[in-house]
2 protein chains.
Amino acid sequence: MTLIVPSRRREIEDVASALFRERGYAATSIRDIARELDIRGASVYAHVASKEDVLWAIVDRTATRFERTAEAIVALPAVATDPVARMSALVRGHVRVIAEDVGAASVFISEWRALTGERRAAILARRDVYEARFREAIADGVATGDFAMTDPAVAAAYLLTALNGIATWYRPDGRLGADRIADHYVDLALRTLTEDHR
Amino acid sequence: MTLIVPSRRREIEDVASALFRERGYAATSIRDIARELDIRGASVYAHVASKEDVLWAIVDRTATRFERTAEAIVALPAVATDPVARMSALVRGHVRVIAEDVGAASVFISEWRALTGERRAAILARRDVYEARFREAIADGVATGDFAMTDPAVAAAYLLTALNGIATWYRPDGRLGADRIADHYVDLALRTLTEDHR
DNA sequence: CCTACCGATCGGTAGG
DNA sequence: CCTACCGATCGGTAGG
């Protein structure tokens, strides 16, 4: 049996993720983070260079998790010609990345705005690449006739904000586990993109 | 022709809405708000009692707009026995309230967390009443067979976060006007609640 | 609506 | 990881 001992640096990031999610980056002080770890505010700076570095570490790591998940999906040959399978996998992957670390995911989704300069610009660009995979899957599905006619940009905005909303209400000890939520969201997403009513 | 001269108090709230939306409540100082109005920070206190009062005024006013819109809809006799018509009207109303003042809507949706004590509790309770109208319309539609079988709480969370997401990307000068966006969202919402795929 | 000011708290550093 | 400390900024008040 292996005991996982998280590094102090990682503990700081995890405590920060939880507090940034609850109160936001600006409303959380370095001393708040230190208090959770039973150390003094100044001691945090033995492990991190600045408060924004902590935010960046969380956002960058979480962006990478979303990116790798989506890249692994679109690299599957079976999914290249099947927009429905691709969209299902993208939705399931997105839900999984959120549920595996809902604090970090919330920070990635909402608190990146507190980043400044190049980091802010870089994250915006990476988000756009990621979101484009959803727009593309929608456009492909409309082209193949698997999805109903729709504006891909509007449908992707609708779908991605619904998915990101999970980070606002999900709790690991909630009524539904991550896999059940993923099942529901895949179903709702495919319904969103197909037609029945009227 | 009538010239609308907004009160200073209202100007403060409107500037605050825009800044709270962009940077968040905690990252916006009273001096930031004053600067936009070309007055000194201390002068803001001639019009408001506290920073949290400004937040509360925006959140309370916007909550009331959402509530009145939904109440007018559910009061329509034609809509009582028609969950599809009721849901369509709720979605259209929600989009309209956001688009009419996207700054205030963003603050209502995201920044209410900065409220403390009774105000925070009161807003949470009012949000729950509002959101329950969506859950109820979904449950009614499932019961009548107009909507596909689904978990009403999950479907409502999916739908409401998709709707609230509009406040993060909507711009009055954007590609699509509010009415077009409402058309798209009504369509997407009804698709979400009906079945076709598989 | 202004100037002048208050105590509290912030992010961060020096030196151990 | 600590104590001691820094300048800057915060929400807010007094008195005009």
Side-chain angles (χ1 to χ4, degrees), chain A residues 5-60 103 107 110-120 123, chain B residues 5-60 103 107 110-120 123:
Chain A
V5 181
S7 68
R8 201 52 151 169
R9 165 70 194 222
R10 181 54 189 255
E11 284 185 312
I12 289 168
E13 288 176 22
D14 287 345
V15 164
S17 293
L19 293 177
F20 292 170
R21 181 190 184 208
E22 276 170 46
R23 318 174 187 173
Y25 173 78
T28 302
S29 72
I30 286 287
R31 285 163 178 85
D32 291 334
I33 295 166
R35 196 177 301 115
E36 295 277 314
L37 295 166
D38 267 311
I39 60 176
R40 303 289 172 175
S43 305
V44 173
Y45 288 97
H47 304 281
V48 308
S50 72
K51 187 183 165 190
E52 191 178 329
D53 272 359
V54 177
L55 174 61
W56 172 249
I58 298 164
V59 169
D60 181 43
V107 172
S110 300
E111 301 300 323
W112 63 270
R113 291 160 200 274
L115 291 170
T116 57
E118 289 173 29
R119 287 169 162 181
R120 191 188 155 105
I123 271 300
Chain B
V5 181
S7 68
R8 201 53 150 167
R9 165 71 194 220
R10 182 54 190 255
E11 285 185 310
I12 289 168
E13 289 177 20
D14 287 345
V15 165
S17 294
L19 293 177
F20 292 170
R21 181 187 184 212
E22 276 170 45
R23 315 175 189 175
Y25 174 79
T28 303
S29 72
I30 286 287
R31 286 164 178 85
D32 291 334
I33 295 166
R35 196 175 302 117
E36 294 277 313
L37 295 165
D38 266 310
I39 60 176
R40 305 288 174 175
S43 304
V44 171
Y45 288 97
H47 304 282
V48 308
S50 70
K51 187 183 164 188
E52 190 177 330
D53 272 358
V54 177
L55 175 61
W56 172 248
I58 298 164
V59 168
D60 181 43
V107 172
S110 300
E111 301 301 322
W112 63 270
R113 291 160 199 272
L115 292 169
T116 58
E118 289 173 30
R119 286 169 162 180
R120 190 189 156 104
I123 271 300

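Each chain gets a letter, A, B and so on, in the order the sequences are listed, and its residues count up from 1. No hydrogens, no waters, no symmetry mates; every other heavy atom, side chains included, goes into these values.
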Task: Who pairs with dG16(D) - Watson-Crick or G-U, where each distance is under 3.5 Å - done: dC1(C)
Open item on the list: Quick check: on DNA chain C, is the nucleotide nearest Ala49(A) upstream (toward 5') of the one nearest Ala27(A), or the reverse? Name the residue that is more 5'.
Closed with: Ala27(A)
Task: Length of the CZ-C1' vector between Arg9(B) and dC1(C), whole Å - done: 17 Å
TODO: State, yes or no, whether a side-chain contact exists between Tyr25(A) and Lys51(A) at a heavy-atom distance under 4.5 Å.
DONE: yes
- [ ] May I have the distance from Tyr25(A) (atom OH) to dG11(C) (atom P), rounded to whole angstrom?
- [x] 8 Å
Task: Separation of atom CD1 in Ile33(B) from atom C1' in dC1(C), rounded to whole Å - done: 16 Å
Task: Distance, rounded to the nearest Å, where Asp53(A) contributes CG and dG12(C) contributes C1' - done: 12 Å
TODO: Using atom CG of Asp32(A) as one end and atom P of dG11(C) as the other, report the distance to the nearest whole Å.
DONE: 8 Å
TODO: Could you please name the option among dT3(D), dG12(C), dG12(D) that lies closest to any side-chain atom of Arg40(A)?
DONE: dT3(D)
- [ ] Can you figure out which of dA4(C), dG11(D), dC1(D) approaches the side chain of Ala42(B) most closely?
- [x] dA4(C)
TODO: Choose from dT13(D), dC2(D), dG11(D) the nucleotide whose nearest atom is closest to any side-chain atom of Ser43(A).
DONE: dC2(D)
Open item on the list: From the set dG11(C), dC2(C), dG12(D), return the single nucleotide nearest to any side-chain atom of Ile39(B).
Closed with: dC2(C)
Task: CD1-CD distance between Ile33(B) and Glu11(B), expressed to the nearest 0.5 angstrom - done: 13.0 Å
- [ ] Would you mind reporting whether Ile39(B) and Arg8(B) have side-chain heavy atoms less than 4.5 Å apart?
- [x] yes
Task: Pair Asp32(A), Ser29(A): side-chain N/O donor-acceptor within cut-off below 3.5 Å - done: yes
Task: Whichever of His47(A) and Arg31(A) has its nearest DNA chain D nucleotide further upstream toward 5' - done: His47(A)
